[in-house]
*Asks:* 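Attaching a single structure in structure tokens format; questions to follow.
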Amino acid sequence: MFLLLLCAGCRRPGRQGNHEWNGLVMGTYVTISVPATDADRLDQAVPEIKQALEAIEADLSIFRPDSEVSRINSNAGSWVEVSTQTAHLVQQSLEYARLSEGAFNPAVLPLIHAWGLHGAQAPPQWLNEATLAPLRELVDWRKLAVESNRVRLAAAGMQLDLGAIAKGYAVDLCYRMLHARSMTNIMVNLGGDLRCSGGTGRNPYWIVGVRNPFNRSQIIGRLLLSGGDAVSTSGNYERFIEIDGRRGAHIIDPRSGYPVEGMAGVTVLAADSLTADALSTALFVMEMQQGGNLVNSMDNCAALFVPDRQPLEIYLTPGMRERFVPEPAFAAAVRQL
Ligand code: FAD
Ligand code: MG
């Protein structure tokens with residue numbers, strides 16, 4: 001996890017600390033934290049939340065051969081009837097593909113497999129142009145279509161992967177379910193995609209640490225979150241490939257076909273988790289200034305970039321400057337974007 005919920009943010013002085021529910025979903029951990037006074041309410045909500053998360057996996061997981069996304073992939077070339085949830089996510093993913101001019105790409109899966117990510121066999125060598133050119137044709141997101149409750153990949157061999165946006169969607173769903181049950185001091189954390197409201201202890205906010213991408217035991221600074229804030233990080237250090245001693249991120253630049261190089265971590269703050277999740281992946285791929293311009297053009301969005309080079313530098317968009325508190329050791333590394 002790239003974002004670390006700091007203990008200072010999850011303890012209520014004089015009380016027994018927060019009540020938490022932890023689960024294992026979508027190949028990662030989910031943690032929901034509420035004040036101890038809401039423990040019963042959270043316990044009552046858990047079955048409904050588990051059911052919703054299970055429905056998301058059943059619809060969207062590429063790791064399940066019977067999911068709706070797997071059915072879309074095995075029927076490329078034909079329209080496939082899907083749930084409202086799947087159609088909504090496909091439509092949202094196309095919106096971020098348009099906004100990022102293809103840096104975010106829900107059809108990127110053939111390239112992911114070619115690079116040996118998601119459990120596929122890694123290639124013996126760094127892939128060359130001759131291999132990548134036909135794959136680039138195959139990952140054309142403009143050939144992905146959604147119409148009310150049906151989805152179509154235009155050409156055989158195309159494949160859909162909503163992994164860069166679905167966790168954010170899941171966090172928003174859990175967040176809304178908790179609010180509907182009158183819980184207002186909440187933190188939902190699904191594999192580093194976080195959303196929270198209210199606060200803990202004497203603080204009307206939650207404190208979240210942003211990890212140093214070059215030293216996982218260290219944080220570079222803190223974000224103070226409340227009021228429905230969502231934050232997501234995409235990085236190159238938890239999931240990556242190494243071929244011939246060369247390291248590449250698990251995030252692919254679909255425009256070139258190569259794993260992204262040059263960026264170590266991007267953290268995005270947004271008003272909802274789907275937006276933060278999609279944008280953190282998009283900005284990881286985009287040229288830094290271009291990515292900064294995109295978040296600045298959107299309401300309530302801000303970003304933090306750590307390029308993959310030494311000495312460590314932390315680039316902040318104007319909105320992030322108001323929210324990010326660097327650790328003293330990293331104050332001199334902060335730059336304006
Ligand atoms: P993000 O930056 O949010 O997303 C990166 C991921 O998006 C990559 O891993 C790749 O899948 C994809 N991607 C790469 N480049 C791009 C691009 N340019 N544009 C768009 N997308 C891109 N993991 C398991 O190991 N086992 C499981 O059983 C499993 N089940 C899952 C079920 C569901 C419903 C979902 C949503 C995820 C599941 N995952 C599982 C995790 C998934 O494979 C990804 O690793 C995860 O969603 C990536 O999230 P992230 O926060 O690490 O990175
Ligand atoms: Mg993402």
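As the structure lists them, so they are numbered: ligands from 1, and atoms in each ligand from 1. Everything numeric in this text was worked out from a predicted model, so none of it was measured. For the single chain, residues carry numbers from 1 onward in sequence order.
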*Asks:* Please report the closest heavy-atom contact between G191 and T28, naming both atoms and the distance.
*Replies:*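 Minimum heavy-atom separation between G191 and T28: CA-OG1, 3.2 Å.
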
*Asks:* I'd like to know whether ligand 1 has H118 as a neighbour, heavy-atom separation below 4.0 Å.
*Replies:*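 Per 4.0 Å heavy-atom rule, H118 contacts ligand 1.
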
*Asks:* Using 30° and 60° as the class boundaries, would you call the ring planes of F63 and H118 parallel, tilted or perpendicular?
*Replies:*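 Judged by the thresholds at 30° and 60°, the geometry between F63 and H118 is perpendicular.
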
*Asks:* So R323 and L269, do their side chains get closer than 4.5 Å, heavy atoms only?
*Replies:*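 In contact.
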
*Asks:* G228 and R195: which non-hydrogen atoms are nearest, and at how many Å?
*Replies:*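 In this case the closest contact between G228 and R195 is O-NE, 2.9 Å.
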
*Asks:* Give a yes/no answer: is there an N/O/S atom of T281 under 2.8 Å from the Mg ion (ligand 2)?
*Replies:*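 Yes - counting backbone and side chain alike, T281 has an N, O or S atom under 2.8 Å.
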
*Asks:* Judged on heavy-atom distance to atom 6 (C) of ligand 1, which of H250, M286, K167, R255 sits nearest?
*Replies:*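 Residue with the shortest heavy-atom distance to the ligand atom: H250.
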
*Asks:* If you take the nearest heavy atom of each of G163, S67, G27, which one is closest to atom 26 (N) of ligand 1?
*Replies:*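 It is G27 that holds the nearest heavy atom.
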
*Asks:* Side chains of E57 and S67: any donor to acceptor distance under 3.5 Å?
*Replies:*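 Distance-only check fails for S67 and E57.
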
*Asks:* Short N/O distance, under 3.5 Å, between F63 and ligand 1?
*Replies:*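 Looking only at distances, the answer is no, because the N/O contact criterion of under 3.5 Å is not met.
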
*Asks:* With heavy atoms under 4.0 Å as the rule, classify the contact between I251 and ligand 1 as side chain, backbone, both or neither.
*Replies:*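 The part of I251 near ligand 1 is both the backbone and the side chain.
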
*Asks:* Where does L109 meet ligand 1, judged by heavy-atom distances below 4.0 Å: at the side chain, the backbone, both, or neither?
*Replies:*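 Under 4.0 Å from ligand 1, L109 contributes no heavy atoms.
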
*Asks:* If the contact criterion is a heavy-atom separation under 4.0 Å, does A103 count as touching ligand 1?
*Replies:*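 Contact present.
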
*Asks:* Measuring from the heavy atoms of G191, does anything fall under 4.0 Å of ligand 1?
*Replies:*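 Flag not set, G191 not near ligand 1.
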
*Asks:* Please find the pair of heavy atoms, one from S70 and one from R64, that lie closest to each other, and give the distance.
*Replies:*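 Where S70 meets R64 most closely, the heavy atoms are OG-O, 2.7 Å.
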
*Asks:* Decide, yes or no, whether a salt bridge links R246 with E261 under the criterion of side-chain N to carboxylate O below 4.0 Å.
*Replies:*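 Salt bridge between R246 and E261, a charged N being under 4.0 Å from a carboxylate O: yes.
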
*Asks:* Is the distance from the Mg ion (ligand 2) to some N, O or S atom of G168 under 2.8 Å?
*Replies:*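 Not a single backbone or side-chain N, O or S atom of G168 is under 2.8 Å from the Mg ion (ligand 2).
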
*Asks:* Out of V139, N236, N105, who is nearest to atom 19 (N) of ligand 1 when you count heavy atoms only?
*Replies:*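 Selected option, by shortest heavy-atom distance: N105.
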
*Asks:* Can a side-chain donor-acceptor contact be found between Q218 and R211 if the only test is distance below 3.5 angstrom?
*Replies:*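 No - no donor-acceptor pair under 3.5 Å links their side chains.
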
*Asks:* Measuring to the Mg ion (ligand 2), does D193 have an N/O/S atom at a distance below 2.8 Å?
*Replies:*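 Under 2.8 Å: D193 has no N, O or S contact with the Mg ion (ligand 2).
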
